[in-house]
Amino acid sequence: MVPKLPTNLPCQLGLKFMKAACDSGDLPRARNLFDKIGEPDLRTWTVLISAYTRHGLPKDSIKIYSLLRVREINPDKLLLLSVAKACSTLRDTIKAKEVYEDAIRFGFHSDTLLGNAFIDMFAKCKCVEDARRVFDDMPVKDVVSWTSLTSCYVTCCLPRRGLDEFREMVLNRVRPNAVTVSSILPACSELRTLKLGREIHGFVVKHGMEENLFVCSALVSMYANCLSMRQAQLVFDNMSQRDIVLWNVILTAYFSNKECEKGLDLFYKMRYDGVQLNDASWNAVIGGCTQNGRTELALEMLGQMQNSGFRPNQITITSVLPACTGFERLGTGKEIHGYIFRNWFIEDLTTTTAVVFMYAKCGDLELSRKVFSLMPKKDTVAWNTIIIANSMHGKGEEALLLFQKMLDSGQKPNSVTFTGVLSGCSHSLLVDEGLLFFNSIRDYSIEPDADHYSCIVDILSRAGRLEEAYDFIQKMPLEPTAGAWGALLGACKVHKNMELAKIAANRLFEIEPNNPGNYVLLSNTFASAKLWDEASEIRNLMRDRGITKEPGYSWV
DNA sequence: TTAGGGTTAG
């Protein structure tokens with residue numbers, strides 16, 4: 001029974017009731033109480049703002065703050081701290097800047113604790129330069145300030161600057177702690193700089209941080225990313241206590257290092273040993289199966305996950321959707337789409353983008369377009385996906401049109417956008433359009449990459465302009481990839497040019513000596529020109545080098 | 001009372 005309340009609640013009594021309501025998660029009641037307090041003090045405002053953020057309603061926190069400002073009440077340090085937290089949870093850039101301006105206006109520009117919170121707030125909003133400015137303006141910086149700034153660079157995809165800042169921190173005689181180390185290790189991971197990673201590992205051992213679960217997870221992840229699975233395993237084995245995140249890290253490490261069977265064995269062992277799994281464990285194993293081509297098993301695991309009482313979330317869905325490829329999986333794809341619809345995941349950009357791609361790969365471009373057109377918000381990746389979907393289906397003109405629409409909508413293209421459109425041009429034999437498009441890449445401040453060059457080789461090759469394609473490869477400023485030579489070789493088969501075929505094949509054998517596809521392609525090229533001796537010679541060469549081709553199979 | 005680990009689309 002809820003006690004009856006007086007209409008004008010004294011502040012102290014109201015605050016007591018409000019705290020109880022917040023603790024039990026009854027925020028409507030907390031708000032009701034707040035409204036009944038005649039003159040709430042700053043503490044009361046802060047309690048309500050923090051409670052909204054803590055219970056996943058940061059938008060309401062911001063609303064309350066606006067109310068406070070409308071009433072021309074001046075915030076104090078703790079109140080600003082709670083609003084900063086709301087802004088970082090919401091990733092609301094505009095509000096974040098306003099709150100920071102307020103902090104300066106009310107004289108909190110030199111507060112270290114508040115400054116640290118603002119660095120983190122701007123980091124979460126991806127406002128790197130603002131985070132930097134806060135840091136530079138702080139008269140007293142502590143280990144949290146330095147860690148927050150380094151971590152800001154790392155999470156905003158600037159790992160190199162993160163490492164620079166880390167060095168600067170050490171030079172300033174601020175000693176990194178376990179939090180610093182676990183924030184900087186992902187930068188080593190990203191840059192695959194095993195040497196620095198090892199040095200930091202040495203620092204960890206020297207300062208007795210090995211038993212820290214965060215540090216250990218980051219180390220395992222770093223070694224696994226730097227292709228040193230043995231080291232990752234060693235760090236993991238030496239840990240005396242393991243939580244579920246650490247288990248998930250090593251699980252993911254096996255799958256991302258293409259050791260699918262080991263990953264599966266570990267997962268079965270975890271289940272057998274009674275390790276308490278969570279959603280992420282299932283997501284890791286489902287995503288691992290998908291990435292390693294074990295699509296049937298990925299779908300099977302999705303069923304097992306549900307049978308074990310877990311509900312697939314957005315991440316599960318985006319991990320399993322790529323397993324739906326080909327017409328025979330269209331039905332499964334539609335079922336998953338239905339699940340997304342029923343669970344309101346439709347608002348999630350990543351999930352819906354994965355659906356767009358799934359339909360395209362299952363052969364239903366119409367459904368793919370329909371889902372895309374119903375998306376309320378479209379980011380660069382969403383646009384890239386629909387462009388690639390059309391290109392895959394031989395709709396080059398449509399891909400070019402979509403590119404224009406993307407620009408009109410205000411989304412910036414990235415290098416993947418250009419690969420998507422160029423591959424559309426090559427599938428639709430749009431030679432002049434493709435070349436023109438290629439020459440415009442730099443207009444968007446993007447440096448053409450190896451994929452773009454390969455696409456042009458493909459465009460010229462498919463159009464039968466083999467000499468031009470060969471000339472283009474020789475003149476390209478980047479090292480030609482297997483993709484470029486492969487495109488040329490493929491076209492040589494169609495246009496029966498044995499001389500260029502040999503040149504392309506030799507380059508391919510240098511780059512990918514163990515790819516059976518290249519040998520088979522060259523052999524078939526000879527065969528198509530009725531050069532049977534040369535064809536079997538290549539088959540023999542393949543046998544001598546111990547390269548075997550796994551036989552293809554069909555569902556029919 | 002401010003900083004940290006795992007799973008996500010091309």
Side-chain angles (χ1 to χ4, degrees), chain A residues 46 50 77-78 80-82 84-85 88 111-121 123-124 131 134-135 138 142-152 154-155 176-186 189 209 212-222 224 242-253 255-256 277-288 290-291 312-322 345 348-358 360-361 379-389 391-392 414-420 423 451:
Chain A
T46 310
S50 317
K77 178 175 147 179
L78 284 182
L80 287 166
L81 210 50
S82 67
K85 186 87 187 163
S88 37
D111 189 275
T112 302
L113 194 129
L114 202 49
N116 292 346
F118 283 133
I119 296 174
D120 183 57
M121 173 185 78
K124 297 266 161 56
V134 177
F135 179 85
M138 282 166 69
D142 62 6
V143 62
V144 180
S145 327
W146 283 97
T147 304
S148 301
L149 187 69
T150 28
S151 156
C152 169
V154 178
T155 55
N177 61 20
V179 181
T180 323
V181 168
S182 54
S183 310
I184 200 65
L185 278 169
S189 242
M209 297 174 188
N212 182 299
L213 280 164
F214 286 77
V215 171
C216 181
S217 303
L219 278 172
V220 173
S221 206
M222 181 274 294
R242 294 173 192 134
D243 67 356
I244 188 61
V245 177
L246 183 54
W247 280 103
N248 292 346
V249 170
I250 190 92
L251 191 59
T252 308
F255 288 114
S256 60
L277 303 178
N278 64 8
D279 293 354
S281 324
W282 285 99
N283 292 346
V285 77
I286 290 170
T290 310
Q291 284 158 18
N313 60 19
Q314 282 101 321
I315 294 170
T316 322
I317 297 304
T318 39
S319 306
V320 79
L321 270 175
F345 293 165
D348 186 68
L349 204 60
T350 308
T351 312
T352 312
T353 305
V355 174
V356 172
F357 197 55
M358 178 275 292
K361 282 194 302 182
D379 67 355
T380 300
V381 179
W383 281 103
N384 289 353
T385 304
I386 194 67
I387 288 171
I388 289 162
S391 296
M392 278 176 8
N414 62 16
S415 66
V416 179
T417 320
F418 288 92
T419 310
S423 79
D451 285 340

Hey, does A/N384 reach any base, or is it just sugar-phosphate, or nothing, if we go heavy atoms under 4.0 Å? base
What nucleic acid atoms does A/N177 come within less than 4.0 Å of, heavy atoms only: base, sugar-phosphate, or nothing? base
Using a cut-off of 4.0 Å on non-hydrogen atoms, how would the nucleic acid contact of A/N278 be classed: base, sugar-phosphate, or nothing? base
For A/N313, which contact category applies under a 4.0 Å heavy-atom criterion: base, sugar-phosphate, or nothing? nothing
State whether the side chain of A/T352 and the backbone N or O of A/L349 hold a donor-acceptor pair below 3.5 Å, judged by distance alone. no
Applying a 4.0 Å non-hydrogen cut-off, can you work out what A/V249 is touching in the nucleic acid: base, sugar-phosphate, or nothing? sugar-phosphate
Counting any heavy atom closer than 4.0 Å, what does A/S319 reach on the DNA or RNA strands: base, sugar-phosphate only, or nothing? sugar-phosphate
Name the nucleic acid region contacted by A/S148, choosing base, sugar-phosphate or nothing; use a 4.0 angstrom heavy-atom cut-off, strictly under. sugar-phosphate
Please classify the nucleic acid contact of A/L113 as base, sugar-phosphate, or nothing, using heavy-atom distances under 4.0 Å. base
Under 4.0 Å, counting only non-hydrogen atoms across every strand here, what does A/I388 touch: a base, just sugar-phosphate, or nothing? sugar-phosphate
Can you tell which of A/V381, A/I388, A/I387 makes a side-chain contact (heavy atoms from CB on, under 4.5 Å) with A/T385? A/V381
Need one value for A/A382: base, sugar-phosphate or nothing, where a base atom within 4.0 Å counts as base even if backbone is also close, heavy atoms only. nothing
Have a look at A/D279 and say if it touches a base, only the backbone sugar-phosphate, or nothing, with a 4.0 Å heavy-atom cut-off. nothing
Outermost contacting nts on DNA chain B, any atom under 4.0 Å from chain A heavy atoms, listed 5' then 3', are B/dT1 to B/dG10
We want to know whether A/N248 and A/N278 form a side-chain donor-acceptor pair, criterion being a heavy-atom distance below 3.5 angstrom. yes
How close do A/S145 and A/I119 get, heavy atom to heavy atom, and via which atoms? O-CD1, 4.0 Å
Students often get this wrong, so: under 4.0 angstrom with heavy atoms, is A/L246 touching a base, only sugar-phosphate, or nothing? base
A/A123 backbone acceptor or donor facing A/D120 side chain under 3.5 Å: no
Apply ring-ring contact (aromatic ring centres under 6.0 Å, His included) to A/F345 and list each qualifying residue two or more places apart in sequence or on a separate chain. none
Within the 4.0 Å heavy-atom criterion, would you say A/K77 contacts the bases, only the backbone, or no part of the nucleic acid? nothing
Regarding A/K361, tell me which of base, sugar-phosphate or nothing describes its non-hydrogen contacts under 4.0 Å with the strands shown. nothing
Closest contact, heavy atoms only, A/T290 versus A/P322: CG2-CB, 3.6 Å
